[in-house]
Protein chains: 2
Amino acid sequence: MAVSRVRQWTLDSAGGLCPQRLVLEHVTSRWGVLVLLALQERSFRFSELRREIGGVSEKMLTQTLQTLERDGMVHRDAKPVIPPRVDYSLTELGQEAAAQVRSLAEWTERRLPAVVRAREAYDESRAPGSSS
Amino acid sequence: MAVSRVRQWTLDSAGGLCPQRLVLEHVTSRWGVLVLLALQERSFRFSELRREIGGVSEKMLTQTLQTLERDGMVHRDAKPVIPPRVDYSLTELGQEAAAQVRSLAEWTERRLPAVVRAREAYDESRAPGSSS
DNA sequence: CGGTATCCAAAAGGATACTG
DNA sequence: CAGTATCCTTTTGGATACCG
(Lines give C-alpha, C1' and ligand atoms only; values in the text may rest on other atoms or scores of the structure.)
Protein backbone atom coordinates (compact mmCIF):
# COMPACT_ATOMS: atom_id res chain seq x y z
CA MET A 1 0.00 0.00 0.00
CA ALA A 2 1.08 3.52 -0.75
CA VAL A 3 1.33 4.84 2.79
CA SER A 4 4.04 2.34 3.58
CA ARG A 5 6.40 4.55 1.65
CA VAL A 6 7.37 6.80 4.54
CA ARG A 7 9.30 9.23 2.41
CA GLN A 8 6.10 10.18 0.69
CA TRP A 9 4.89 11.64 3.98
CA THR A 10 7.87 13.82 4.69
CA LEU A 11 8.90 17.20 3.29
CA ASP A 12 8.25 18.28 -0.27
CA SER A 13 10.89 19.69 -2.59
CA ALA A 14 10.36 23.22 -1.33
CA GLY A 15 10.93 22.18 2.26
CA GLY A 16 7.25 22.40 3.19
CA LEU A 17 4.87 19.63 4.15
CA CYS A 18 3.44 17.38 1.45
CA PRO A 19 -0.26 17.91 0.60
CA GLN A 20 -1.63 14.87 2.41
CA ARG A 21 0.43 15.76 5.45
CA LEU A 22 -1.15 19.20 5.52
CA VAL A 23 -4.63 17.67 5.59
CA LEU A 24 -3.65 15.33 8.41
CA GLU A 25 -2.21 18.33 10.23
CA HIS A 26 -5.48 20.21 9.89
CA VAL A 27 -7.76 17.45 11.18
CA THR A 28 -5.47 16.47 14.07
CA SER A 29 -4.57 20.01 15.07
CA ARG A 30 -5.29 21.15 18.59
CA TRP A 31 -8.61 22.80 17.75
CA GLY A 32 -9.37 20.87 14.57
CA VAL A 33 -9.96 17.71 16.58
CA LEU A 34 -12.35 19.46 18.94
CA VAL A 35 -14.25 21.19 16.14
CA LEU A 36 -14.76 17.90 14.30
CA LEU A 37 -15.88 16.09 17.45
CA ALA A 38 -18.32 18.85 18.37
CA LEU A 39 -19.81 19.25 14.89
CA GLN A 40 -20.22 15.51 14.58
CA GLU A 41 -23.02 15.77 17.12
CA ARG A 42 -24.89 18.66 15.55
CA SER A 43 -24.41 22.03 13.87
CA PHE A 44 -23.31 25.01 15.94
CA ARG A 45 -23.27 28.77 15.67
CA PHE A 46 -19.90 30.45 16.07
CA SER A 47 -20.18 31.63 19.67
CA GLU A 48 -22.03 28.52 20.67
CA LEU A 49 -19.21 26.38 19.31
CA ARG A 50 -16.70 28.55 21.09
CA ARG A 51 -18.43 27.97 24.41
CA GLU A 52 -18.85 24.24 23.71
CA ILE A 53 -15.13 23.77 23.12
CA GLY A 54 -13.95 26.12 25.82
CA GLY A 55 -10.54 27.75 26.03
CA VAL A 56 -10.31 28.59 22.35
CA SER A 57 -9.69 32.19 21.29
CA GLU A 58 -11.80 33.84 18.61
CA LYS A 59 -8.80 34.00 16.36
CA MET A 60 -7.97 30.32 16.57
CA LEU A 61 -11.56 29.17 16.15
CA THR A 62 -11.98 31.39 13.09
CA GLN A 63 -8.72 30.12 11.64
CA THR A 64 -9.56 26.48 12.33
CA LEU A 65 -13.03 26.79 10.82
CA GLN A 66 -11.71 28.54 7.72
CA THR A 67 -9.04 25.92 7.19
CA LEU A 68 -11.53 23.09 7.56
CA GLU A 69 -14.00 24.89 5.32
CA ARG A 70 -11.40 25.33 2.63
CA ASP A 71 -10.50 21.66 2.89
CA GLY A 72 -14.15 20.82 2.27
CA MET A 73 -14.79 19.41 5.75
CA VAL A 74 -16.97 22.16 7.19
CA HIS A 75 -19.99 23.87 5.66
CA ARG A 76 -20.52 27.51 6.56
CA ASP A 77 -24.05 28.85 6.35
CA ALA A 78 -24.19 32.63 6.82
CA LYS A 79 -27.75 33.96 7.06
CA PRO A 80 -28.10 37.57 5.86
CA VAL A 81 -29.81 38.80 9.00
CA ILE A 82 -29.04 41.39 11.64
CA PRO A 83 -27.47 40.52 13.93
CA PRO A 84 -25.46 38.06 11.79
CA ARG A 85 -26.11 34.37 12.25
CA VAL A 86 -23.66 31.77 10.96
CA ASP A 87 -24.16 28.04 11.31
CA TYR A 88 -21.37 25.53 10.94
CA SER A 89 -21.86 21.87 10.10
CA LEU A 90 -19.89 18.97 8.68
CA THR A 91 -19.90 18.02 5.02
CA GLU A 92 -19.85 14.39 3.95
CA LEU A 93 -16.06 14.60 3.83
CA GLY A 94 -16.01 16.21 7.26
CA GLN A 95 -18.14 13.42 8.71
CA GLU A 96 -15.63 10.90 7.43
CA ALA A 97 -12.79 12.90 8.94
CA ALA A 98 -14.65 13.19 12.23
CA ALA A 99 -15.22 9.42 12.29
CA GLN A 100 -11.51 8.81 11.76
CA VAL A 101 -10.55 11.28 14.45
CA ARG A 102 -13.10 9.86 16.85
CA SER A 103 -11.73 6.39 16.28
CA LEU A 104 -8.24 7.60 17.11
CA ALA A 105 -9.53 9.54 20.11
CA GLU A 106 -11.35 6.49 21.45
CA TRP A 107 -8.28 4.31 21.03
CA THR A 108 -6.27 6.91 22.94
CA GLU A 109 -8.79 6.95 25.73
CA ARG A 110 -8.92 3.13 25.93
CA ARG A 111 -5.15 2.83 26.07
CA LEU A 112 -4.46 5.82 28.28
CA PRO A 113 -4.04 3.63 31.39
CA ALA A 114 -1.31 1.66 29.63
CA VAL A 115 0.43 4.89 28.63
CA VAL A 116 0.26 6.21 32.18
CA ARG A 117 1.75 2.97 33.53
CA ALA A 118 4.52 3.13 30.92
CA ARG A 119 5.33 6.69 31.91
CA GLU A 120 5.52 5.81 35.58
CA ALA A 121 7.85 2.91 34.84
CA TYR A 122 9.98 5.11 32.59
CA ASP A 123 10.22 7.94 35.10
CA GLU A 124 10.92 5.63 38.01
CA SER A 125 13.63 3.73 36.14
CA ARG A 126 15.68 6.90 35.93
CA ALA A 127 14.54 8.59 39.09
CA PRO A 128 17.33 10.02 41.22
CA GLY A 129 18.03 7.80 44.23
CA SER A 130 16.80 4.62 42.61
CA SER A 131 20.31 3.17 42.70
CA SER A 132 21.66 4.55 46.01
CA MET B 1 -19.62 7.05 24.58
CA ALA B 2 -17.13 9.06 26.56
CA VAL B 3 -15.41 10.83 23.70
CA SER B 4 -18.63 12.52 22.72
CA ARG B 5 -18.08 14.83 25.66
CA VAL B 6 -15.96 17.36 23.84
CA ARG B 7 -15.10 19.31 26.95
CA GLN B 8 -13.20 16.33 28.21
CA TRP B 9 -10.73 16.82 25.37
CA THR B 10 -9.99 20.45 25.98
CA LEU B 11 -7.76 22.17 28.54
CA ASP B 12 -7.22 20.91 32.06
CA SER B 13 -7.64 22.99 35.19
CA ALA B 14 -4.05 24.25 35.01
CA GLY B 15 -4.52 25.49 31.45
CA GLY B 16 -2.53 22.64 29.90
CA LEU B 17 -3.73 19.83 27.68
CA CYS B 18 -5.61 16.91 29.21
CA PRO B 19 -3.66 13.60 29.43
CA GLN B 20 -5.36 11.83 26.54
CA ARG B 21 -4.91 14.92 24.39
CA LEU B 22 -1.17 14.82 25.07
CA VAL B 23 -0.96 11.23 23.86
CA LEU B 24 -2.87 12.07 20.71
CA GLU B 25 -0.55 15.03 20.22
CA HIS B 26 2.49 12.76 20.46
CA VAL B 27 1.34 10.14 17.97
CA THR B 28 0.05 12.65 15.42
CA SER B 29 2.93 15.08 15.76
CA ARG B 30 4.96 15.96 12.71
CA TRP B 31 7.70 13.41 13.34
CA GLY B 32 5.72 11.05 15.56
CA VAL B 33 3.61 9.97 12.59
CA LEU B 34 6.66 9.26 10.46
CA VAL B 35 8.47 7.38 13.23
CA LEU B 36 5.46 5.15 13.83
CA LEU B 37 4.99 4.46 10.11
CA ALA B 38 8.68 3.64 9.63
CA LEU B 39 9.00 1.41 12.70
CA GLN B 40 5.84 -0.44 11.75
CA GLU B 41 7.83 -2.00 8.90
CA ARG B 42 10.88 -3.05 10.89
CA SER B 43 13.27 -1.89 13.60
CA PHE B 44 15.80 0.84 12.81
CA ARG B 45 19.01 2.19 14.23
CA PHE B 46 19.06 5.89 15.07
CA SER B 47 20.94 7.19 12.03
CA GLU B 48 19.22 4.71 9.76
CA LEU B 49 15.85 5.96 10.91
CA ARG B 50 16.99 9.52 10.42
CA ARG B 51 17.90 8.81 6.81
CA GLU B 52 14.69 6.83 6.24
CA ILE B 53 12.51 9.71 7.37
CA GLY B 54 14.58 12.48 5.82
CA GLY B 55 14.54 16.13 6.78
CA VAL B 56 14.44 15.51 10.52
CA SER B 57 17.09 17.07 12.76
CA GLU B 58 18.93 15.00 15.36
CA LYS B 59 17.29 16.98 18.08
CA MET B 60 13.75 16.41 16.90
CA LEU B 61 14.26 12.72 16.22
CA THR B 62 15.76 12.26 19.69
CA GLN B 63 12.93 14.18 21.27
CA THR B 64 10.26 12.30 19.33
CA LEU B 65 11.76 8.91 20.16
CA GLN B 66 12.08 9.76 23.84
CA THR B 67 8.51 10.95 24.04
CA LEU B 68 7.22 7.82 22.34
CA GLU B 69 9.45 5.64 24.49
CA ARG B 70 8.16 7.25 27.66
CA ASP B 71 4.59 6.76 26.45
CA GLY B 72 5.35 3.06 26.04
CA MET B 73 5.10 3.05 22.23
CA VAL B 74 8.75 2.62 21.32
CA HIS B 75 11.28 0.13 22.67
CA ARG B 76 14.89 1.31 22.87
CA ASP B 77 17.58 -1.35 22.79
CA ALA B 78 21.05 0.11 23.48
CA LYS B 79 23.83 -2.45 22.98
CA PRO B 80 26.90 -1.76 25.13
CA VAL B 81 29.36 -1.86 22.25
CA ILE B 82 31.82 0.57 20.75
CA PRO B 83 30.81 2.34 18.66
CA PRO B 84 27.37 2.52 20.31
CA ARG B 85 24.49 0.74 18.62
CA VAL B 86 20.88 1.51 19.48
CA ASP B 87 17.91 -0.20 17.89
CA TYR B 88 14.40 1.18 18.00
CA SER B 89 11.26 -0.88 17.56
CA LEU B 90 7.57 -0.68 18.37
CA THR B 91 6.02 -2.17 21.48
CA GLU B 92 2.60 -3.81 21.38
CA LEU B 93 1.08 -0.45 22.28
CA GLY B 94 3.15 1.24 19.59
CA GLN B 95 1.94 -1.22 16.98
CA GLU B 96 -1.63 -0.35 17.89
CA ALA B 97 -0.84 3.34 17.64
CA ALA B 98 0.88 2.83 14.31
CA ALA B 99 -2.14 0.95 12.98
CA GLN B 100 -4.43 3.80 14.02
CA VAL B 101 -2.17 6.40 12.48
CA ARG B 102 -1.81 4.38 9.29
CA SER B 103 -5.56 4.10 9.01
CA LEU B 104 -5.89 7.86 9.31
CA ALA B 105 -3.04 8.39 6.85
CA GLU B 106 -4.64 6.07 4.32
CA TRP B 107 -7.98 7.81 4.61
CA THR B 108 -6.22 11.13 4.05
CA GLU B 109 -4.53 9.79 0.97
CA ARG B 110 -7.76 8.31 -0.42
CA ARG B 111 -9.68 11.54 0.10
CA LEU B 112 -6.93 13.96 -0.90
CA PRO B 113 -8.42 14.48 -4.38
CA ALA B 114 -11.71 15.59 -2.83
CA VAL B 115 -9.85 18.00 -0.55
CA VAL B 116 -7.91 19.44 -3.48
CA ARG B 117 -11.14 19.96 -5.44
CA ALA B 118 -12.74 21.63 -2.42
CA ARG B 119 -9.79 23.97 -2.07
CA GLU B 120 -9.93 24.96 -5.72
CA ALA B 121 -13.63 25.68 -5.48
CA TYR B 122 -13.10 27.66 -2.27
CA ASP B 123 -10.23 29.71 -3.68
CA GLU B 124 -11.98 30.39 -6.95
CA SER B 125 -15.21 31.47 -5.28
CA ARG B 126 -13.38 34.37 -3.66
CA ALA B 127 -10.74 34.97 -6.29
CA PRO B 128 -10.24 38.63 -7.18
CA GLY B 129 -11.84 39.44 -10.52
CA SER B 130 -14.51 36.78 -10.28
CA SER B 131 -17.19 39.46 -9.98
CA SER B 132 -15.82 42.24 -12.21
C1' DC C 1 27.54 6.36 16.80
C1' DG C 2 24.20 8.32 19.49
C1' DG C 3 23.25 11.37 21.82
C1' DT C 4 23.10 16.31 25.12
C1' DA C 5 23.32 21.43 25.78
C1' DT C 6 22.86 25.92 24.12
C1' DC C 7 21.49 29.49 21.24
C1' DC C 8 18.66 31.69 18.02
C1' DA C 9 15.03 32.21 14.23
C1' DA C 10 10.43 31.18 12.94
C1' DA C 11 5.86 30.07 13.76
C1' DA C 12 1.87 29.38 16.59
C1' DG C 13 -1.25 31.32 19.52
C1' DG C 14 -3.62 34.65 22.84
C1' DA C 15 -5.36 39.53 24.16
C1' DT C 16 -7.17 43.47 22.66
C1' DA C 17 -9.32 46.83 19.77
C1' DC C 18 -12.06 47.63 15.98
C1' DT C 19 -15.65 46.71 11.86
C1' DG C 20 -19.89 45.31 9.01
C1' DC D 1 -23.00 38.35 16.38
C1' DA D 2 -19.28 37.18 13.80
C1' DG D 3 -15.70 38.20 12.51
C1' DT D 4 -10.78 41.16 11.06
C1' DA D 5 -6.37 43.51 12.25
C1' DT D 6 -2.63 44.23 15.17
C1' DC D 7 0.53 43.41 18.68
C1' DC D 8 3.14 40.67 21.59
C1' DT D 9 4.25 36.41 24.25
C1' DT D 10 5.09 31.56 24.18
C1' DT D 11 6.39 27.57 21.89
C1' DT D 12 8.63 25.01 18.35
C1' DG D 13 12.29 23.63 15.84
C1' DG D 14 16.83 23.91 13.43
C1' DA D 15 22.05 24.74 13.64
C1' DT D 16 25.98 24.20 16.05
C1' DA D 17 29.19 22.54 19.36
C1' DC D 18 30.42 19.22 22.53
C1' DC D 19 30.38 14.54 25.33
C1' DG D 20 30.48 9.24 26.49
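Below, chains carry the letters A, B, ... as their sequence lines are ordered, and counting in each starts from 1. The model shown is predicted, which means the values in this text are computed figures rather than measured ones.
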Over how many whole Å does the gap from [X] atom [atom1] to [N] atom [atom2] extend?
X       : N      : atom1 : atom2 : answer
A/Arg30 : D/dT10 : CZ    : P     : 14 Å
A/Leu65 : D/dC1  : CG    : P     : 16 Å
B/Phe46 : D/dG20 : CZ    : P     : 18 Å
B/Ile82 : C/dG3  : CD1   : C1'   : 15 Å
B/Leu61 : D/dG14 : CG    : P     : 11 Å
A/Leu49 : D/dG3  : CG    : C1'   : 14 Å
B/Gln63 : C/dG3  : CD    : P     : 14 Å
B/Phe44 : C/dG2  : CZ    : P     : 13 Å

Do you reckon B/Met60 sits in the same ILVMFWY cluster as A/Leu24, going by side-chain contacts under 4.5 Å, direct or chained?
-> yes

In this structure, are over 12 heavy atoms from other groups packed under 6.0 Å from B/Glu92 atom CD?
-> no

Between D/dG3, D/dA2, C/dT6, which nucleotide has the shortest distance from any of its atoms to the side chain of A/Ser47?
-> D/dA2

5'-most contact on DNA chain D: A/Lys59 or A/Val86, nearest heavy atom basis?
-> A/Val86

Report the residue (B/Val56 or A/Pro83) whose heavy-atom-nearest nucleotide on DNA chain D is the more 5′ of the two.
-> A/Pro83

Salt bridge (Lys or Arg N to Asp or Glu O under 4.0 Å) between A/Arg110 and B/Glu96: does it pass, once the steps are laid out?
-> CA-CA 11 Å; A/Arg110 270 201 312 280; B/Glu96 289 180 28; over 6 Å; no

How is B/Glu48 classified with respect to the nucleic acid when contacts are heavy atoms under 4.0 Å: base, sugar-phosphate, or nothing?
-> nothing

If you look at every strand shown and take non-hydrogen atoms under 4.0 Å, does B/Glu58 touch a base, only sugar-phosphate, or nothing?
-> base

Side-chain N,O ([X]) to OP1/OP2 ([N]) below 4.0 Å:
X       : N     : answer
B/Arg45 : C/dG2 : yes
A/Arg76 : D/dG3 : yes
B/Tyr88 : C/dG3 : yes

pair B/Leu61-B/Val35: side-chain heavy atoms closer than 4.5 Å = yes

Along DNA chain C (nearest heavy atom to each residue), the more 5'-positioned of B/Pro84 and B/Thr62 | B/Pro84

So, does B/Arg102 use its side chain to make a donor-acceptor pair with the main chain of B/Leu36 at under 3.5 Å?
-> no

